[in-house]
Amino acid sequence: MLNTLIYGFAVSLVIALVLGPFVIRELKSFHARQSEREEGPASHKIKAGTPTMGGVLILTALVVSCLVFDPLDLRKGLALFLTLGYGAIGFLDDGIKSLKHRNLGLTAKQKLIGQFIMAAIFCGILKVYLDFPTTLWIPFTNWHVEIGIFYYLFVFVMIVGTSNAVNLTDGLDGLAAGSCAITSVAYVVIAVALGYINFAVFCASMAGACLGFLFYNQHPAKMFMGDTGSLALGGALAAMAILTKTELLLIIAGGLYVIEALSVIIQVISFKTRGVRVFKMSPIHHHFELSGWSEVKVVTVFWSFSAIMAIIAIIIVLSTTN
């Protein structure tokens with residue numbers, strides 16, 4: 001089984017590396033170019049015109065690898081469904097931006113409706129076809145709390161929240177791709193430790209796809225993943241946590257995305273209620289940029305934090321299962 005995990009990782013990695021130049025060329029011909037928002041950091045203005053929608057590279061590598069290795073695994077298929085569904089929403093959003101040459105694609109309402117529909121379908125499949133356990137494992141303990149029908153509401157919110165949190169994290173070269181690769185590797189170990197061996201291939205394939213994409217997305221980025229990639233990655237990470245029955249553990253394993261999302265929530269609430277900005281700019285990675293950190297330093301520190309949180313999550317699982 002270890003060989004299959006390695007092969008799954010390697011296949012997606014190689015596909016992403018090999019197809020990268022082709023994807024960049026095609027995105028340029030499609031005029032899928034980044035438009036930096038006016039309120040963003042001034043240093044990001046030079047990124048305008050960089051090919052975006054690069055998430056198609058991640059998704060292509062992931063799908064091929066998953067189809068090559070144990071394509072009939074139900075958990076893997078369900079995770080792919082959610083990942084591709086959210087990727088399709090992002091693809092539509094990015095496509096509109098490219099066609100209209102603006103920084104706004106789908107409206108926030110349209111995007112949320114799409115996310116709600118996909119999350120609802122996913123929950124429906126869990127309930128109707130899998131008769132999925134409606135328990136939540138409490139990290140650091142052996143307790144499993146039964147919450148009944150509220151489990152599906154929790155999962156619904158979790159999926160939408162995670163996809164948007166990763167979307168917010170995707171603001172610096174390599175930040176989202178690198179951190180998602182780290183979290184995916186953590187879930188490889190977690191899935192194996194909990195006995196979800198076949199599903200671990202999905203996690204390994206995602207890690208390989210992210211690292212292959214990162215080769216072209218590291219600073220200075222040759223292409224960006226766009227919402228095609230960030231929404232899909234958020235859906236994939238949520239699926240990893242749900243389908244390994246470690247839903248609450250994602251708060252730790254994906255601690256970086258939690259902090260990024262919270263920084264935006266805190267900033268908005270503080271400004272609307274007190275007229276005061278807690279951060280120089282949100283999400284929080286921009287705060288550190290405006291505090292004088294270089295983009296590379298911010299990304300490196302945030303990757304390190306993500307790795308620490310991933311290790312802690314693995315330790316929690318291993319200590320509980322032994």
Side-chain angles (χ1 to χ4, degrees), residues 1-23 54-84 87 130 137 174 176-218 225 229 232-233 235-246 249-250 252-254 303 306-322:
M1 188 61 214
L2 178 59
N3 288 340
T4 304
L5 292 175
I6 294 173
Y7 293 152
F9 172 85
V11 167
S12 60
L13 173 64
V14 171
I15 289 174
L17 289 173
V18 171
L19 292 183
F22 170 78
V23 170
V56 295
L57 178 62
I58 297 174
L59 295 178
T60 299
L62 173 68
V63 170
V64 172
S65 181
C66 286
L67 290 179
V68 169
F69 300 100
D70 196 16
L72 300 180
D73 181 71
L74 189 57
R75 274 182 164 78
K76 187 194 299 181
L78 190 52
L80 271 178
F81 168 77
L82 189 63
T83 302
L84 293 177
L130 293 185
W137 168 58
S179 59
C180 284
I182 292 169
T183 309
S184 296
V185 170
Y187 268 100
V188 172
V189 179
I190 291 168
V192 171
L194 295 176
Y196 302 105
I197 309 297
N198 293 332
F199 182 65
V201 177
F202 173 84
C203 307
S205 298
M206 177 57 81
C210 285
L211 285 178
F213 173 79
L214 183 60
F215 182 80
Y216 304 101
N217 184 237
Q218 62 183 318
M225 67 172 65
L233 290 178
L237 294 180
M240 290 178 196
I242 295 164
L243 296 172
T244 57
K245 293 299 298 173
T246 58
L249 189 69
L250 186 58
I252 298 172
W303 280 354
S306 190
I308 291 170
M309 298 304 288
I311 292 171
I312 292 173
I314 291 172
I315 292 173
I316 292 172
V317 170
L318 294 180
S319 62
T320 304
T321 55
N322 291 335

Shortest non-hydrogen contact between Tyr216 and Pro21, atoms and distance: OH-CD, 3.2 Å
Partners meeting ring-ring contact (aromatic ring centres under 6.0 Å, His included) with Phe202 (sequence neighbours left out): Phe199
Test side-chain contact (heavy atoms from CB on, under 4.5 Å) applied to Val201 and Asp73, step by step: CA-CA 10 Å; Val201 177; Asp73 181 71; over 6 Å; no
Single hit among Leu13, Ile15, Leu19 for side-chain contact (heavy atoms from CB on, under 4.5 Å) with Leu17: Leu13
Distance in Å, Leu84 CG paired with Leu62 CG, rounded so as to fall on 0.5 Å steps: 7.0 Å
Where Ala232 and Leu59 come nearest, the two heavy atoms and their spacing: CB-CD2, 3.8 Å
ring-ring contact (aromatic ring centres under 6.0 Å, His included) involving Phe9 - partner list, sequence neighbours excluded: none
Heavy-atom side-chain contact between Ile312 and Ile315 under 4.5 Å: no
SG-CD1 distance between Cys203 and Ile190, expressed to the nearest 0.5 angstrom: 8.5 Å
Within 6.0 angstrom of Tyr7 OH, more than 12 heavy atoms from elsewhere: no
Taking every non-hydrogen atom, the tightest pair across Ile252 and Met309: O-CB, 3.1 Å
Separation of Phe81 CZ from Thr83 OG1 (nearest 0.5 Å): 10.5 Å
Beyond-backbone contact of Val23 with Thr60, side-chain heavy atoms, under 4.5 angstrom: no
Side-chain touch Leu233/Met206, heavy atoms, less than 4.5 angstrom: yes
Results of side chain to side chain donor-acceptor pair (under 3.5 Å) for Ser184 - residues two or more places apart only: none
Which atom of Ala310 lies closest to which atom of Ile182, heavy atoms considered: CB-CG2, 3.9 Å
Summary of side-chain hydrogen bond (donor to acceptor under 3.5 Å, both in side chains) pairs that have at least one residue in residues 9-20, sequence neighbours excluded: none
Where Phe213 and Ala16 come nearest, the two heavy atoms and their spacing: N-CB, 3.9 Å
Leu74 vs Asn198 side-chain heavy atoms within contact, under 4.5 Å: no
By side chain to side chain donor-acceptor pair (under 3.5 Å) - contacts of Ser306 (at least two apart): none
Side chains of residues 237-245: which donor-acceptor partners sit under 3.5 Å, not counting sequence neighbours?
unit_1: Thr244; atom_1: OG1; unit_2: Met240; atom_2: O; d: 2.7
unit_1: Thr244; atom_1: OG1; unit_2: Ala241; atom_2: O; d: 3.3
unit_1: Thr244; atom_1: OG1; unit_2: Thr246; atom_2: OG1; d: 2.8
unit_1: Lys245; atom_1: NZ; unit_2: Pro133; atom_2: O; d: 3.1
unit_1: Lys245; atom_1: NZ; unit_2: Thr135; atom_2: O; d: 2.7
unit_1: Lys245; atom_1: NZ; unit_2: Tyr151; atom_2: OH; d: 3.3
unit_1: Lys245; atom_1: NZ; unit_2: Glu247; atom_2: OE2; d: 2.9

Shortest non-hydrogen contact from Tyr187 toward Leu249: OH-C, 4.1 Å
